[in-house]
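Quick note on labels: first sequence line is chain A, next is B, and so on, each numbered from 1.
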Protein chains: 2
Amino acid sequence: MKSDSEASYLKLIDYFEKKTTLTEGEKTAIKSSYKIKKIKKKEYLFQQGEICKYEGFVSQGSFRTYYTDDKDLEHVLYFAFENWWVGDIASFNEEEASGQNVQALQDSELLVIDKPAKEKLFKSIPALEKVFRVITQKHLTVLQKRFLMTVSSNAEARFNELIQRCPTIEQMVPQHQIASYLGILPESLSRMKKQIAKRETHKSN
Amino acid sequence: MKSDSEASYLKLIDYFEKKTTLTEGEKTAIKSSYKIKKIKKKEYLFQQGEICKYEGFVSQGSFRTYYTDDKDLEHVLYFAFENWWVGDIASFNEEEASGQNVQALQDSELLVIDKPAKEKLFKSIPALEKVFRVITQKHLTVLQKRFLMTVSSNAEARFNELIQRCPTIEQMVPQHQIASYLGILPESLSRMKKQIAKRETHKSN
DNA sequence: AAAAAGTCTTAACCTACATCAATGAAACAG
DNA sequence: CTGTTTCATTGATGTAGGTTAAGACTTTTT
C-alpha cells in the first residue's frame, strides 16, 4: 500500500515543518531515514532489559510506556497517540538496557530511526538537532509538571487534570491503565469515579 | 579576590573538559561568557512567577529548587551542590514565567549565563551544544527514575535510596527539606527515622 | 542577653488509598 | 458458540503518611 505509507511520511514531515523549514531535498532525506514498523496490539517496540534501538514517531495507533516494579506492578509513564514520539532517550543514546516497556495499545504503525541513521540525518540537516533538543526540553517540562502534580495533589485532582488535558483518553485507554498512569490501583479509580458521580447527581438535584 | 574567581572558573572549565575537548581560545570565550553571581543564604536566583534569566553553575555553596503549591506547601524538586547546574530550562529558553524557586541553602556562588550569551557561546563552540543536549537528557533520565521511584515505592525506600546515592546529604540539608524532597512531611520523616532506629537496635541485640 | 525565628520530636487522631476477596460483564480464542 | 482470560465494580479491612498541636532545643536577629 504505497499511498498509506506516503500518508504516514507526510504526517512526520508536517510535524517537522511546524518546528522548522525544510527543503525538498531534506524532506527526501527524512523519508529515506525513517522506516515503517507495524506493531500489533499488545506487542512491543522494546521491553525492560532490552536496548531501545529505535526512536519512533506514532503515525497510526497508540502506545503505552510502562515500568514493571519488583512487586510485578506496572506503572504507566506515558501514553503516546498519533504524532507523538515513543522510545527511551537514555537507552537509545547510551545504548544501555532500558527500564521501560513500549507496548502497542492497538494495531499500530511507527516511523522509526536507529541511532546511526539519526546521527547521519543530524549531519545532513543540522536544524533537526535543534528540533530534537526542544522536544527533549518539552518532554522534561511535562515530566516535571507531572511529578509535582503527583506529590502535591491527590488522585482525584490528577484525574481531573488528565481528563481536561486529554478529554478522549477514556475512550482510548482501558480504565486500569488510566489508574496506573495516575499512580493508583484500578479499584481506587473505580471507587473514585463513583464518588464523583454521586456528588454530581446530588448537585444537579 | 581575583584568585577566588579564577578557581571558580577553573571548576567550570574542568567540568566541560570532562565532556569535550576545548582549545585555549574556547576556554577564554567560556570565561568571558559566564559571570560570577553571589547569592546569600535564603536568597533567590529566581522565584515562582519570574522568568529564569540565568542558567547557573554552582561554583560554591548549595541550592534547592522547589515549588509552592496552592496550599502553600513547598515541594523540593532538586538540590544542587558544587559542580551542578541550577535553573529552569523551560523558563530560560521560552522566556516565560517559571513555576519554580531556586534558593541558596548557604552563602553561595554561581557562574551564570543569560540566553543571548549562551546562544553566542554555542555559535562559537558548537561542541557545547552537544554537551548541553546530553546534560538535558541526563536530567530527564534522573527525573524519570525519581518519578518511578515515587509512584512505586514508599517513603522509607526513597529515603534509603537518597542516603545511598548522596550519603552526606543529612549533613548538608535540614531534615524538613529532605522530607520535602521525599514527598512527605517533616513529622513523617522524624517518625520514620525513629522506627528505623528501633528496628536497628532490635536486630543488633 | 533577650527575643524571635527556625528546627526536630512526639503523640493522638484521621484519611486517602492499598489490599484482599468475590462477582458479573465484556472481550477473545479455540 | 463456549470456555477462558481480561476488565470493572463493590465491600471489608489495613496502613502509610497527613493533620494538628505541643514542647524542647538551636540558631539568628536585635
Spacing between K193(B) atom NZ and dC8(C) atom P, to the nearest angstrom: 8 Å
Is K130(A) atom NZ crowded by more than 12 heavy atoms from other residues, nucleotides or ligands, each under 6.0 Å away? no
Are any of the side-chain heavy atoms of L143(B) and Q144(A) separated by less than 4.5 Å? yes
Quick one: list whatever passes salt bridge (charged side-chain N to carboxylate O under 4.0 Å, His left out) with K118(B), sequence neighbours left out. E55(B)
Determine the minimum heavy-atom distance between I51(B) and A97(B), stating which atoms define it. CG1-N, 4.0 Å
Contacted region of DNA chain D by chain B, from 5' end to 3' end of the hits, cut-off under 4.0 Å to heavy atoms, spans dG17(D) to dT28(D)
Sorted by chain and number, sequence neighbours left out, salt bridge (charged side-chain N to carboxylate O under 4.0 Å, His left out) with E161(A) holds for R165(A)
For the pair made of CE in M192(B) and P in dC8(C), what is the distance, rounded to whole Å? 14 Å
Is the number of heavy atoms from other residues, nucleotides or ligands under 6.0 Å of K71(A) NZ greater than 12? yes
Which is true for K41(B) with a 4.0 Å heavy-atom rule: it touches a base, it touches only sugar-phosphate, or it touches nothing? sugar-phosphate
To the nearest angstrom, how far is I196(B) atom CD1 from dT9(C) atom P? 12 Å
For nucleotides 10-14 of chain C, list the nitrogen or oxygen atoms of the protein found under 3.5 Å from its nitrogen or oxygen atoms, one pair per line.
residue, atom, partner, partner atom, Å
dA11(C), OP2, K194(B), NZ, 3.2

All pairs passing ring-ring contact (aromatic ring centres under 6.0 Å, His included) where residues 166-185 of chain B contributes a residue, at least two apart: F79(B)-Y181(B)
Using a heavy-atom cut-off of under 4.0 Å over every strand shown, decide if I184(B) touches base, sugar-phosphate, or nothing. sugar-phosphate
Nearest heavy-atom contact between K27(A) and E17(A) is CE-OE2, 2.9 Å
Quick one: pull up OG in S180(A) and CG in L189(A) and give me the separation to the nearest 0.5 Å. 11.0 Å
For DNA chain C, which residues in residues 143-159 of chain A have a heavy atom at a distance below 4.0 Å? N154(A), A155(A)
Can you measure L185(A) atom CG to dA16(C) atom P for me and round it to whole angstrom units? 16 Å
Note: R199(B)-E156(B) ion pair, threshold 4.0 Å (strictly below): yes
Apply ring pair (Phe, Tyr, Trp, His ring centres under 6.0 Å) to Y78(B) and list each qualifying residue two or more places apart in sequence or on a separate chain. H139(B)
Compute the bend angle of the helix from dA1(C)-dT30(D) to dG30(C)-dC1(D) from the end axes (five pairs per end), rounded to 10°. 50°
In residues 160-180 of chain A, which ones come under 4.0 Å of DNA chain D, going by heavy atoms? P174(A), Q175(A), H176(A)
The test is salt bridge (charged side-chain N to carboxylate O under 4.0 Å, His left out); show your working for K37(A) and E109(A) and say whether it passes. CA-CA 6 Å; K37(A) 191 178 185 84; E109(A) 188 195 88; over 6 Å; no
Minimal non-hydrogen separation, A80(A) against V58(A), with atom names: CB-CG2, 4.2 Å
Once side chain to side chain contact (heavy atoms under 4.5 Å, CB included) is applied, do any residues pair with I163(A), and if so which ones, sequence neighbours excluded? F159(A), I169(A), E170(A)
Sequence neighbours excluded - ring-ring contact (aromatic ring centres under 6.0 Å, His included) pairs with any residue from residues 51-71 of chain A: Y15(A)-F57(A), F57(A)-W85(A)
Listed by chain and number, what are the ring pair (Phe, Tyr, Trp, His ring centres under 6.0 Å) partners of Y44(A), not counting sequence neighbours? none
